[in-house]
Number of protein chains: 2
Amino acid sequence: MPMVHNIRRQAGLAELAQQRGLRLTSQRRLIFSILESAPTHLNAKQILEEARKQDPGIDQVTVYRNLSVMKRMGVIDELDLLHLRGEEHYYEVRQLREHCHVGCLSCGQMFEFVTPAMKAINKALEKECNYKVAYARIEIGGYCAKCRGKEEQGKVIQKGKRVRSLTSATSRI
Amino acid sequence: MPMVHNIRRQAGLAELAQQRGLRLTSQRRLIFSILESAPTHLNAKQILEEARKQDPGIDQVTVYRNLSVMKRMGVIDELDLLHLRGEEHYYEVRQLREHCHVGCLSCGQMFEFVTPAMKAINKALEKECNYKVAYARIEIGGYCAKCRGKEEQGKVIQKGKRVRSLTSATSRI
DNA sequence: TCCTTATTGCAAACCGTTTGCAATAATATT
DNA sequence: AATATTATTGCAAACGGTTTGCAATAAGGA
Ligand SMILES: [Mn+2]
Ligand SMILES: [Mn+2]
Ligand SMILES: [Zn+2]
Ligand SMILES: [Zn+2]
């Protein structure tokens, strides 16, 4: 259940970091590589677990600190996923193609979705408010076709621009 | 700096709660009235402070528990405001007119914004994914005209559908 | 008015994240 | 290559927002 990550940015995180004068420690490289090859959005704990497979000595503060600098650099995005999975934050390498995150309030299934309407919001803001958008976080909760039950079962479910299913997690709301 | 609250829902929170069999305690009424007359998005602590002006004995758990049931009822929405203000959550009575929350990454100023493009996202999701949207949280970070500095000063800043300024808070990102 | 049970207040726990600090290691300088 | 500089790390402890356990209270139905 991979993310929409196929559309990759030119430079890797390591290069970007080095350009800004950050030191390339082994821990940093490791965290970068985990984020860049993540099949789904990861939270800090998951990143730590993954990192410890290769470097058992790595500490969670190192994860947090690196997430923090990368956030500040604008090369990764922090997601709440509507707090459907929990109170923690999730991270993904910033994508060239903007996408929203959609989750089913009933089964917890999450997926990414792309539509031109997203860009339209930014355009409207820039035109009507003279506001320069840097980043838009669009998180949507609703009910998937399956969960809406029997009366919908006959309908054809078009795939449309629905990108990929990501998870089915324990729902909370 | 009021919220877009002028567009009010038919029934008040108290009625809605009673309809669902919730007991109307004095504390609950108080919290409801605070939310309904809030001039801006409030976090739990602010709601508590406000409530204690009228009922000094009220406890924060009561605030949290009531926010929780109202969230579950879908009559209030929980906002992160991109965590520009802090890690806490902010709350507002659910509005009939969907709006996004936009914040300046430089000065922290937040405002609400309405555009038809928001509905377009929901429509696209429903059509292309057979997905029934219950709630969309759109939070946008960027740079306001003022903060973008001198080269923009000559330009006329249209008000557009920019609804209202809400706060200028200490920025974090 | 009594009964049932949802709701409250208090206290403590919880959990994700941050901070202080000394030890370590990446880069710049020689 | 050796050294100096200082960013980065790991450990431990703190932090802050939120949740939980439990006994006392009070709302709403009988
Ligand atoms: Mn994503
Ligand atoms: Mn959040
Ligand atoms: Zn579902
Ligand atoms: Zn600004």
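Every chain is numbered from 1, with letters handed out A, B, ... down the list of sequences. What's counted below: heavy atoms across the whole structure, side chains too, no hydrogens, waters or symmetry copies.
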J.: Checking A/Arg148 against B/Tyr131: charged group under 6.0 Å from the ring centre and within 45 degrees of the axis?
T.: no
J.: Nearest whole Å is fine: how far is C/dG16 P from B/Glu88 CD?
T.: 18 Å
J.: If you check the B/Arg28 side chain, which of D/dC11, C/dT8, D/dT18 turns out closest?
T.: C/dT8
J.: For the pair made of CG in A/Asn66 and P in C/dA25, what is the distance, rounded to whole Å?
T.: 16 Å
J.: Rounding to an integer number of Å, can you tell me how far B/Phe32 CZ sits from C/dT8 C1'?
T.: 14 Å
J.: Grab the two heavy atoms, one from A/Ile31 and one from A/Thr62, that are nearest each other, plus how far apart they are.
T.: CD1-O, 3.8 Å
J.: At 4.0 Å (heavy atoms only), tell me whether A/Gly57 reaches a base, stays on the sugar-phosphate, or touches nothing.
T.: sugar-phosphate
J.: Rounded to whole Å, how long is the line connecting atom NE2 of B/His83 with atom P of C/dT18?
T.: 10 Å
J.: Tell me whether the side-chain N/O atoms of A/Thr62 come closer than 4.0 Å to OP1 or OP2 in D/dG10.
T.: yes
J.: Please state how far atom NZ in A/Lys71 lies from atom P in C/dT18, giving the value in whole angstrom units.
T.: 6 Å
J.: Tell me: CG of B/Leu30 to P of C/dT7, nearest whole Å?
T.: 16 Å
J.: Hey, which sits more toward the 5' end of DNA chain D by its nearest nucleotide, B/Lys45 or B/Arg23?
T.: B/Lys45
J.: Does the side chain of A/Tyr64 get closer than 4.0 angstrom to OP1 or OP2 of C/dT18 through an N or O atom?
T.: no
J.: Whole angstrom is fine here: how far is it from CG in A/Leu42 over to C1' in C/dT17?
T.: 17 Å
J.: For the pair A/Gln46 (side chain) and A/Asn43 (backbone), establish whether a donor and an acceptor sit closer than 3.5 Å, ignoring hydrogens and angles.
T.: yes
J.: Taking the side chain of A/Gln18 as its heavy atoms from C-beta onward, which of D/dA12, C/dT27, D/dT19 lies nearest to it?
T.: C/dT27
J.: Could you tell me the separation between the CD atom of B/Glu78 and the C1' atom of D/dT19, rounded to a whole number of Å?
T.: 14 Å
J.: On DNA chain D, does the nearest nucleotide to B/His89 precede the nearest nucleotide to B/Arg65 from the 5' side, or the other way round? Give the residue.
T.: B/His89
J.: Is the phosphate of D/dT9, meaning OP1 or OP2, less than 4.0 Å from a side-chain N or O of A/Thr25?
T.: yes
J.: Which heavy atom of B/Ala44 sits nearest a heavy atom of B/Tyr91, and at what distance?
T.: N-CE1, 4.4 Å
J.: I'd like to know if the side chain of B/Glu112 and the backbone of B/His99 have a donor-acceptor N/O pair within less than 3.5 Å.
T.: no
J.: Can you check whether B/Gln27 has a side-chain N or O nearer than 4.0 Å to OP1 or OP2 of C/dG9?
T.: yes
J.: Name the closest nucleotide to the B/Tyr91 side chain, picking from D/dT8, D/dT18, D/dG10.
T.: D/dT18
